[in-house]
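Note that the structure is predicted; figures quoted are calculated from it, not measured. Any value given below was found using the heavy atoms of this structure, including those in side chains, with hydrogens, waters and symmetry copies removed.
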Amino acid sequence: MTDVGRHPRIKLLTLSEVMEVKGYVGNFQVRIRKRARYVDENQCTACGECARVCPVVRPDEFNLGLSSRKAIYSPFPQAVPAAYVVNAGECLGHNPAVCARCVEACDKHCINFHMSDQEVVEEVGSIVVATGLETYDPTEMDEYGYSRFEDVLTSLEFERLINAGGPTGGELIRPSDRRKPRSVGFVQCVGSRSARKGKSYCSAICCMNTVKSTLSLKEHDPDLDIKVFYIDIRAFGKGFEDLYQRSRRLGVKYLRGLPGKVEPTADGRLRVAVENAAGGKVEFHDLDMLVLAVGIQPAGGTHRLQKMLGLQLTSDGFFLEAHPKLQPVDAATRGVFYAGCAEGPKDIKDSVTQASAAAVRAIRLMHQGHILTEPITSEVITEHCKACGRCAEVCPYHAITVDPKKKLPAVVNTAACAGCGTCAAECPFGAITMNHFTDRQILDQIDALLAEHSAEKVLAFACNWCSYAGADNAGVSRVQYPANVRLIRTMCSGRVDEAFIWHAFAHGAPVVLVSGCHIGDCHYINANHWTEKRVERVRKKMAKRGIRPERLQLAWISAAEGARFARVMQDMEDLRREVSAEEIAATVDLLAGNQAAAGTDPGKAEP
């Protein structure tokens, strides 16, 4: 971090928060709020005289409340920049009648209570999302007594307690009486792999973190009694199995089974009741300290950042990569990359590896000074455009400019256009075409798929990033779904024109499914909102024409929901079986009659 702070071509913004991101790959505008430090970081030498005279004492967040700090403090050792910061919410104020002791103690006059928050706008070409993680709060798991007993600690609190730079200088003591413990227990999977409380996924780091802690304790005190209560020990990395076996050889006892209850004993110890799966009976263990190996979960601002950048999340709440094998550090939004636990639970080695990959991907994108855009963009047919402004209204990226007053035709900024196709589907005059996903191409696919045995098929429009990827996920996961499903890939569900749906029913489709990203998780920000409105509009028209609206379904399926994709397809198949041949024929005749009366192209006509 010190090297980063000194690098001439790296601007480090601490105490800062991203407020808004606009633009597109190569031309992002990031609005940042930089909170006031109230200390001149260029003048401060971190001598600490201000903190010595400060009368306000608060728990130290870095040591998780195991020690204290003042209202003016250094966040942690070797913090960058090496300057103190004032917590304005805790400070008594700069009025000399109240306090101002820190101002008087500072010989360099670094403290300035007139500082205010600043707003900074940075123009960048690419963005790396490295928002980190949060640890699980075990308070809700009352059976472990975390909120009742001082000697029950989380793994992170225990880490600070035995650290040489921690509150005790590395000496292991019990928080309750400051005495050296004779026995320590570790409980694995606290907040992980649990459907009842916490998260259902494995946090990946807890097992080896516990193994490391046991080795550290044994090195300092070989006679210390250590027990580890676990479900499975997942020592999957390079050299991890050797560390696990070394821990066992040093005398650490590994007991398969998680505690069901923790109670205090008369002598101030902790009695842990656990069902030993190996012996099949309940055992009681008296311990001086109990350490909860808490799991990890997405950072608090994940959802806000996801909406800001138009990203996608997995069912576990972490950011979803563009492709798990071919693009493991890329977001679906071009120019955005992931590093560390923002993308999923991982240890330091994997985080460093992914960070290096993200940096290289960003360099690869930016080093030439120009970017080749994807060919999948909108194109305006000028002679058909009436300058109504509908396309500009629905574009999630503001990539279309049009002047309805002057009747100037719409113009597409191809660098900003992401190719969702919502504008083409919403244009009432057919004045916009999508390169590589033209109306003619999609209508021809419908014709080909329904040319034979149309009554036996389920026709589904699938979003490239979510539902189509969900189908791929189902295949990779070996999840079975009906073989008569026929998928038509579009970049976004927003591309599905009303005309496509009517064309499918006119050619004998018994049921039609439009599928895409979940609301709020759309790769194209909010394009699927227009999908929802369009499908509802078609359903109302179907009801007016005497066609059952249930034959048109809308489903939201993410790329990680292969099992959900299979269930939706099975539901569509069940619905298809309810549609009789007579009902299909009546629909075909009805739509053919409407189109003939209107004298329109069957592929583009709307009844």
Side-chain angles (χ1 to χ4, degrees), residues 57-70 73 76-77 135-139 141-191 206-230 246-255 257-274 276 282-294:
V57 180
R58 291 289 183 269
D60 184 1
E61 295 87 353
F62 180 66
N63 283 321
L64 296 113
L66 296 174
S67 64
S68 61
R69 60 163 177 79
K70 300 298 183 69
Y73 62 101
F76 53 89
T135 55
Y136 171 72
D137 182 0
T139 303
M141 303 188 79
D142 192 58
E143 60 267 30
Y144 294 144
Y146 175 70
S147 60
R148 292 182 285 122
F149 307 122
E150 287 187 77
D151 297 326
V152 178
L153 305 175
T154 66
S155 50
L156 199 57
E157 292 169 341
F158 181 77
E159 188 80 23
R160 293 308 305 156
L161 193 65
I162 65 173
N163 189 279
T168 64
E171 181 182 358
L172 179 63
I173 60 173
R174 294 189 352 145
S176 60
D177 54 16
R178 305 297 190 269
R179 297 169 66 179
K180 185 177 180 180
R182 293 167 297 167
S183 58
V184 179
F186 290 83
V187 181
Q188 298 304 107
C189 300
V190 177
C206 313
C207 288
M208 294 314 300
N209 186 58
T210 294
V211 170
K212 182 204 71 172
S213 296
T214 62
L215 291 173
S216 178
L217 290 176
K218 281 294 185 180
E219 287 176 1
H220 287 81
D221 186 356
D223 297 327
L224 187 65
D225 182 26
I226 304 175
K227 296 182 175 71
V228 178
F229 306 102
Y230 71 99
R246 180 182 161 200
S247 173
R248 296 186 70 110
R249 288 195 298 270
L250 289 174
V252 178
K253 301 180 182 67
Y254 286 83
L255 307 174
L258 298 181
K261 185 166 58 174
V262 178
E263 294 180 335
T265 62
D267 58 355
R269 306 180 77 194
L270 299 170
R271 177 160 294 168
V272 178
V274 57
N276 191 331
V282 177
E283 299 176 351
F284 295 90
H285 301 272
D286 290 348
L287 305 168
D288 290 327
M289 289 181 67
L290 189 64
V291 181
L292 308 180
V294 291

Can you give me the closest heavy-atom contact between [X] and [Y], atom names plus distance?
{"X": "Pro175", "Y": "Met289", "result": "CD-CE, 4.3 Å"}
{"X": "Val262", "Y": "Phe149", "result": "O-CE1, 3.6 Å"}
{"X": "Tyr144", "Y": "Leu290", "result": "O-CD2, 4.4 Å"}
{"X": "Ile173", "Y": "Leu161", "result": "O-CD2, 3.5 Å"}
{"X": "Ala293", "Y": "Gln188", "result": "CB-OE1, 3.5 Å"}

Is there side-chain contact between [X] and [Y], with heavy atoms separated by less than 4.5 Å?
{"X": "Cys207", "Y": "Tyr230", "answer": "no"}
{"X": "Asp142", "Y": "Ser147", "answer": "yes"}
{"X": "Val272", "Y": "Lys227", "answer": "no"}
{"X": "Asn209", "Y": "Glu159", "answer": "yes"}
{"X": "Asp267", "Y": "Asp286", "answer": "no"}

Hey, does the side chain of [X] reach the backbone of [Y] with a donor-acceptor pair shorter than 3.5 angstrom?
{"X": "Lys180", "Y": "Leu172", "value": "no"}
{"X": "Glu157", "Y": "Thr154", "value": "yes"}
{"X": "Arg174", "Y": "Asp288", "value": "yes"}
{"X": "Ser216", "Y": "Lys212", "value": "no"}
{"X": "Arg69", "Y": "Glu61", "value": "no"}

To the nearest 0.5 angstrom, please state how far the [atom1] atom of [X] sits from the [atom2] atom of [Y].
{"X": "Thr168", "Y": "Arg160", "atom1": "OG1", "atom2": "CZ", "result": "9.5 Å"}
{"X": "Asn276", "Y": "Phe229", "atom1": "CG", "atom2": "CZ", "result": "9.0 Å"}
{"X": "Arg148", "Y": "Glu263", "atom1": "CZ", "atom2": "CD", "result": "8.0 Å"}
{"X": "Tyr146", "Y": "Asp137", "atom1": "OH", "atom2": "CG", "result": "6.5 Å"}
{"X": "Ser67", "Y": "Phe62", "atom1": "OG", "atom2": "CZ", "result": "9.5 Å"}
{"X": "Leu224", "Y": "Leu250", "atom1": "CG", "atom2": "CG", "result": "12.0 Å"}

Heavy-atom count around Arg58 CZ within 6.0 Å, excluding the residue itself: above 12?
yes

Test log, rule side chain to side chain contact (heavy atoms under 4.5 Å, CB included), inputs Ser183 and His285:
CA-CA 10 Å; Ser183 58; His285 301 272; over 6 Å; no

Output yes when Arg269 and Asp151 qualify as a salt bridge under the 4.0 Å nitrogen-oxygen rule, no when they do not.
no

So, Lys253 and Asp225, do they make that salt bridge, N to O below 4.0 Å?
yes

Before giving the answer on side chain to side chain contact (heavy atoms under 4.5 Å, CB included), spell out for Lys70 and Val57 the whole-Å C-alpha distance, their side-chain angles and the decisive distance to 0.1 Å.
CA-CA 5 Å; Lys70 300 298 183 69; Val57 180; 4.1 Å; yes

Are Tyr254 and Arg248 close enough, and set up right, to give a side chain to side chain contact (heavy atoms under 4.5 Å, CB included), and what steps lead you there?
CA-CA 8 Å; Tyr254 286 83; Arg248 296 186 70 110; 3.6 Å; yes

Stepwise side chain to side chain contact (heavy atoms under 4.5 Å, CB included) check, Leu217 with Phe158:
CA-CA 11 Å; Leu217 290 176; Phe158 181 77; 3.5 Å; yes

